[in-house]
Amino acid sequence: MAKSFPIVAIVGRPNVGKSTLFNRLVKRRASIVHATSGVTRDRSYGRRTWKDVEFSVVDTGGIVEQPVDPLMHKMQEQVKAALDESSTVLFLADLRDGLTPADKEIAEQLRRLDKRVLVVGTKADNEQIELTKADLYELGLGEPLAISAVHNRGIEELLDTIVEELPSAPAGPTSAPVAKVAIAGRPNVGKSSLVNALLGEERVIVDERPGTTRDAVDVMVKRNKKQYLFVDTAGMRRKAKVKRVLEQYSVGSALQSVRRCDLCIMMLDATAGIVDQDCRIASFIREKGKGVVVAVNKWDLIEEKKTFFEQLKEEVATKLRFVPGAPLITVSALTQQRIFKLFDLIDEVFEEARKRISTSELNDHLQQCLLKNPPPIRRRRRPKIFFGTQVGVCPPNFVLFTSNRSQFDTSYLRYLENQIRDKFGFKGVPIRIELCNRR
């Protein structure tokens with residue numbers, strides 16, 4: 001994490017309610033919750049403030065002894081990284097299952113750490129189950145707490161205990177990151193690899209099998225005294241191909257991440273070209289009003305680079321017309337080729353998304369546009385535009401007051417949009433134009 005807030009790690013064996021508690025603590029559905037074991041793979045971070053104390057919470061995958069599968073082994077490395085950086089550990093045990101040998105083995109590992117460990121019995125949905133927390137004294141890690149994250153039982157007591165155990169956070173500015181950037185694209189285009197390359201460590205799990213990333217993972221990166229919040233998202237497949245419930249959750253999480261971010265890095269696979277699903281994703285990004293940087297990954301695998309790049313520019317201009325003027329960059333997450341130039345493009349698009357045009361400038365330009373190409377006559381009358389103003393940013397939103405808004409077709413609005421872009425820029429940012437009758 002780029003900021004020095006105390007970190008609270010949530011650990012335990014699979015399916016004890018770690019993600020449910022994480023979502024409750026950070027007060028949003030940040031992690032996918034499902035009965036299937038091993039849903040959480042990467043570290044997911046969130047923030048919480050309680051009694052004027054701010055801290056970070058990290059959700060982890062279930063701890064498994066002697067993992068055989070390579071992906072499971074990477075998950076255990078993520079858990080270890082979370083434990084190493086945390087100051088306080090919440091060790092969760094399922095009260096409905098009772099104390100298990102796996103719980104005892106995990107407790108033995110945690111005792112070797114120089115950390116404050118809070119034992120938390122989960123799924124205490126009623127008083128009868130809550131009484132069984134006494135069994136957790138056997139772990140030898142102090143007085144256990146009993147909670148039900150689903151029913152919000154015992155959460156305030158848990159937060160009180162966490163705040164008491166936390167070291168004080170260093171003083172300093174707590175300004176928001178410069179930009180929230182969602183990294184979106186189809187499965188296996190290299191989204192997680194790009195995040196790891198930007199951060200300089202294996203922050204999220206990378207595997208050749210599609211669907212490795214399930215949760216949207218927030219990663220803070222600091223560069224040139226600026227902070228960026230990158231959100232690694234699950235690969236978005238066509239709706240018809242999404243069969244499993246878990247994948248539906250993952251795609252839903254990716255779409256939600258696009259909504260809450262300021263702009264997107266639209267990642268393409270250089271070896272596959274632009275396919276229909278890329279166009280659908282670009283259309284969704286535009287629909288949500290987000291700025292776009294188009295990053296073509298795996299450029300190290302292309303041989304005739306100059307010829308291929310010219311073809312690529314034409315293909316982006318025609319197939320990805322949903323993102324007009326979006327900066328195009330070729331990168332390689334594997335070799336780190338040009339990946340740090342992304343920061344300049346992000347800054348550029350973010351500034352364009354926040355740009356404001358004065359009312360006088362806008363109306364002077366509108367008058368020139370109307371003289372050059374007046375609105376077509378409808379029902380023996382030519383509709384008029386009296387006045388325009390910008391009413392919002394991210395995305396730029398313009399309201400034009402007209403004699404009759406129903407007499408303007410989409411082609412003329414597209415003309416006005418292009419004229420506004422030619423004059424004022426808004427590179428890689430969708431523009432919204434709303435018509436209102438003057439009366």
Side-chain angles (χ1 to χ4, degrees), residues 6-27 29-40 43-44 46 48-51 53 55-65 76 79-80 82-83 86-167:
I7 297 176
V8 177
I10 303 175
V11 302
R13 57 186 175 83
N15 271 20
V16 294
K18 296 183 295 299
S19 294
T20 306
L21 176 59
F22 176 78
N23 290 343
R24 175 69 70 179
L25 292 179
V26 302
K27 298 194 290 187
R29 186 165 180 164
S31 289
I32 295 174
V33 177
H34 196 269
T36 304
S37 176
V39 172
T40 301
R43 287 173 281 161
S44 294
R48 183 62 190 264
T49 301
W50 183 254
K51 294 185 176 178
V53 177
F55 57 93
S56 296
V57 186
V58 54
D59 186 23
T60 65
I63 296 177
V64 177
E65 290 295 317
Q76 303 311 300
V79 177
K80 183 179 182 302
L83 288 171
S86 66
S87 58
T88 303
V89 179
L90 303 184
F91 171 33
L92 272 55
D94 189 337
L95 292 180
R96 291 189 300 190
D97 290 347
L99 203 56
T100 68
D103 292 326
K104 295 177 182 178
E105 290 175 4
I106 295 171
E108 186 61 34
Q109 294 178 35
L110 296 178
R111 262 195 294 271
R112 301 190 196 107
L113 300 177
D114 186 20
K115 311 279 183 181
R116 177 67 174 102
V117 179
L118 301 178
V119 179
V120 182
T122 61
K123 306 180 185 179
D125 299 334
N126 54 54
E127 292 182 2
Q128 186 176 359
I129 298 175
E130 186 176 341
L131 291 173
T132 63
K133 74 175 185 180
D135 297 339
L136 302 182
Y137 278 104
E138 187 180 337
L139 297 173
L141 291 170
E143 181 178 356
L145 300 169
I147 66 162
S148 171
V150 172
H151 300 290
N152 201 25
R153 286 172 54 96
I155 299 300
E156 290 190 0
E157 182 185 356
L158 174 61
L159 285 166
D160 286 341
T161 308
I162 290 172
V163 169
E164 290 173 5
E165 298 296 335
L166 286 177

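Side chains are part of it too, since the values below use all heavy atoms of this structure and drop only hydrogens, waters and symmetry mates. The model shown is predicted, which means the values in this text are computed figures rather than measured ones. Each residue takes its place number in the sequence, starting with 1.
- Checked by atom type and distance alone, the side chain of Thr161 pairs as donor or acceptor with a backbone atom of Glu157 at under 3.5 Å.
- The two residues Ala82 and Ala9 make their nearest non-hydrogen contact at O-CB, 4.0 Å.
- Side-chain atoms of Ser148 do not come within 3.5 Å of backbone N or O of Lys123 as any donor-acceptor pair.
- Considering all non-hydrogen atoms of both residues, Ala107 and Leu141 come closest at CB-CD1, 3.9 Å.
- The backbone N or O of Glu165 sits nowhere less than 3.5 Å from a side-chain atom of Arg116 that would complete a donor-acceptor pair.
- Looking at Ile162 and Arg48, their side chains never come closer than 4.5 Å, going by heavy atoms from C-beta outward.
- Proximity of Asn15 to Asp94: side-chain heavy atoms (C-beta onward) are nowhere separated by under 4.5 Å.
- Distance alone, capped at 3.5 Å, is enough to place a donor-acceptor pair between the Thr122 side chain and the Val16 backbone.
- In this structure, Leu145 and Lys133 have side chains that are not in contact, with every pair of non-hydrogen atoms separated by 4.5 Å or more.
- In plain terms, the two heavy atoms of Gly154 and Ile147 that are nearest each other are O-CG2, 3.6 Å.
- Within a 6.0 Å radius of CD in Glu105, more than 12 heavy atoms belonging to other residues, nucleotides or ligands are found.
- Judged purely by atom type and a 3.5 angstrom limit, Gln76 uses its side chain to pair as donor or acceptor with the backbone of Gly62.
- The shortest side-chain heavy-atom distance between Lys104 and Leu99 falls under the 4.5 Å cut-off.
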Next on the checklist: Determine whether Arg153 and Glu127 satisfy the following criterion, side chain to side chain contact (heavy atoms under 4.5 Å, CB included), listing intermediate values before the conclusion.
Outcome noted: CA-CA 10 Å; Arg153 286 172 54 96; Glu127 292 182 2; 4.2 Å; yes
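- Heavy atoms only, all atoms of each residue included: Ser19 and Asp59 are closest at OG-OD2, 2.7 Å.
- In terms of heavy-atom proximity, Gly12 sits nearest to Ile106 at C-CD1, 4.0 Å.
- The only member of Leu90, Leu110, Leu92 that meets side chain to side chain contact (heavy atoms under 4.5 Å, CB included) when paired with Val11 is Leu110.
- Contact of the Val8 side chain with the Leu25 side chain is not registered, since no non-hydrogen atoms from C-beta on lie closer than 4.5 Å.
- You'll find the side chain of Leu95 reaches within 4.5 Å of the side chain of Leu136, heavy atoms only.
- A salt bridge links Asp103 to Arg13: one of the charged nitrogens lies within less than 4.0 Å of a carboxylate oxygen.
- Atom-to-atom distance recorded for Asn126:CG and Leu131:CG is 9.0 Å, nearest 0.5 angstrom.
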Next on the checklist: Go through it in stages, so that I can follow the logic: the residues are Thr88 and Phe55, the test is side chain to side chain contact (heavy atoms under 4.5 Å, CB included), and I'd like the CA-CA distance, side-chain angles, deciding distance and then a yes or no.
Outcome noted: CA-CA 10 Å; Thr88 303; Phe55 57 93; over 6 Å; no
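- Closest approach of Val57 and Phe22 over heavy atoms only: O-CE1, 3.3 Å.
- In this structure, Arg96 CZ and Asp125 CG are separated by 5.5 Å, a value rounded to the nearest 0.5 Å.
- Using a 4.5 Å heavy-atom cutoff, the side chains of Leu21 and Ile155 are in contact.
- Residues Leu83 and Thr60 are not in side-chain contact: their nearest non-hydrogen atoms beyond the backbone lie 4.5 Å or more apart.
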